[in-house]
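Start at 1 and go down the list; that is how both ligands and their atoms are numbered. Numbering starts at 1 and runs along the sequence shown.
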Amino acid sequence: MPEEKPTLDHEELPTKLGSEFILRFYRLLRGTTIYDRKNVIIDRLTQECLQVIHDIIQSEGQLFLKMVRDNFFFNNIRVQVKADKYPIFKAFWQEMRKRWIGEIEFSKEVNGEQLKDIIYLLSGLEENNESNYLLIKKKLEYRDIDAFEAGKLEFFKDEEIYVDSKDQKKYSKEVYFKSIGLVKEVVDSIHQQKALNIRKAKRLMQNAVNAIMQDESTLLGLANIKNYDEYTFNHSVNVAIYAIALGQRIGIPKNHLSHLGMAGIFHDMGKTKIPKEILNKTGKLSPEEWAMMRSHPLIGTELIMRMKEWGDLSTRMMSAAFEHHLKYDLTGYPRLTQKRRITLFGRIITVADFYDALVRPRVYNRFPYVSEKILGIMLERSGKDFDPGLVKVFISMIGIFPLGTLVLLNSNEMGIVTQIQEDSELIDRPQVCLLYYSDGEYRKGQLVDLREMDEVTRDFKRSIVKTLDPNEYNINVAELLI
Ligand SMILES: [Fe+2]
Ligand SMILES: [Fe+2]
């Protein structure tokens with residue numbers, strides 16, 4: 001295969017400037033949700049954003065940002081998103097989308113007050129209003145600001161879009177439970193040796209990819225809350241979700257992401273051939289039983305091999321099934337007679353599988369590890385069991401306090417983590433929904449952002465002291481989170 005041409009120098013600079021602008025502009029936009037326009041932090045964020053706008057106008061003559069599907073185009077060149085910047089891009093994309101804004105243009109430089117006018121105007125737009133861009137136009141005309149323009153978001157026919165966050169959540173939830181249904185169907189089809197509706201399965205995974213692109217937090221939230229009893233079904237779906245979300249961050253194209261989802265759904269199918277008594281055994285497994293357990297990657301591969309009509313997809317699914325316990329340095333199982341490199345799909349599923357398997361309570365693992373601990377283990381075994389690059393991206397994706405974590409704050413309040421901070425420097429300062437106790441149960445209270453600073457003390461208003469076990473407090477996290 002021919003090698004990919006190196007990027008031309010003149011393309012790199014604009015992309016860098018474009019990324020920088022998105023980062024600064026988004027930070028300022030997020031700032032408006034916590035602080036008013038006279039706040040010193042807003043002043044600082046405004047100055048930082050003005051600086052990039054200045055640099056861009058000076059070197060490029062214009063600043064034009066357009067969103068097409070899930071891509072950003074900066075002055076008509078597609079912006080390459082690096083994995084560490086991905087969460088910010090995605091969050092910005094979602095904020096714009098919610099407001100039906102698909103284009104932003106600065107035709108010349110603005111001053112601080114003008115930029116504040118623009119950003120508070122954008123931030124204050126109502127969700128799901130198609131004519132927001134006209135409203136901006138009118139208001140800016142009134143304020144005599146002609147250097148900025150916002151354009152309407154373009155939607156494509158094949159995109160399933162929910163701009164309303166409630167509808168989106170409902171849809172995401174539906175996709176999650178339909179995927180569990182799919183796993184059940186797959187298991188049944190294996191037991192009863194009947195054919196599976198491939199087209200339906202593929203379509204469902206495409207929907208899952210769409211849902212994760214638009215509403216990652218609901219799906220990761222569902223995967224993170226471990227309060228189900230049907231381990232195998234949920235486990236396969238969770239692995240698919242983690243894998244898609246991880247794949248998306250490292251730039252795997254959309255059509256391959258749904259294949260990755262299918263690989264997640266199928267990775268443990270070999271277990272359907274292992275007796276239940278062994279799968280659910282609480283005591284120590286005998287050497288024979290262990291050998292049986294360890295055969296599931298191979299059995300799974302054979303099962304998939306029989307599904308000839310799956311084409312390309314079946315090769316990818318086979319790799320994931322075969323490789324997910326092999327480990328990065330090949331010291332796992334099945335034992336190989338010949339060294340080979342583990343495929344990208346195999347490496348992704350390995351990371352997703354390990355995390356989900358450890359974090360959840362199951363029969364022979366009564367106490368779920370706290371996520372922080374598991375991520376620590378993964379980091380420790382990075383390069384041995386796991387692909388180091390993937391581990392890094394995965395940890396920043398899950399955060400040290402994953403969605404749905406019950407936390408105690410130094411303000412003596414209790415809350416549930418509802419949003420991970422996109423900025424990796426603030427990974428310990430997520431958004432939290434406070435809980436209050438009334439009529440015999442915990443209820444949802446105010447949403448607070450742990451980045452919020454106290455203006456007088458110049459210290460954070462609230463910080464996490466420790467994580468708590470929801471069962472001890474009789475709290476159903478799923479109900480409160482989604
Ligand atoms: Fe497995
Ligand atoms: Fe697994």
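- Under the 30°/60° scheme for interplanar angles, the aromatic rings of F394 and Y242 are found to stand perpendicular.
- The N, O or S atom of D268 with the smallest distance to the Fe ion (ligand 1) is OD1.
- The Fe ion (ligand 2) is the vertex of the angle joining NE2 of H267 and NE2 of H235, which measures 90° to the nearest 10°.
- The Fe ion (ligand 2) has no N, O or S atom of D356 inside 2.8 Å of it.
- Using modelled atom types and a 3.5 Å distance limit, the side chains of Y436 and E413 yield no donor-acceptor pair.
- Nearest to the Fe ion (ligand 2), among the N, O or S atoms that D353 has, is OD1.
- By the 6.0 Å and 45° rule, R347 does not stack over the aromatic ring of F386.
- The Fe ion (ligand 2) has no N, O or S atom of H324 inside 2.8 Å of it.
- Cation-pi geometry between R97 and W100 is not met at under 6.0 angstrom from the ring centre and within 45 degrees of the axis.
- Rounded to 10 degrees, the NE2-metal-NE2 angle spanning H296 and H325 at the Fe ion (ligand 1) equals 90°.
- F73 does not carry R78 over the face of its six-membered ring by the limits of under 6.0 Å from the centre and within 45° of the normal.
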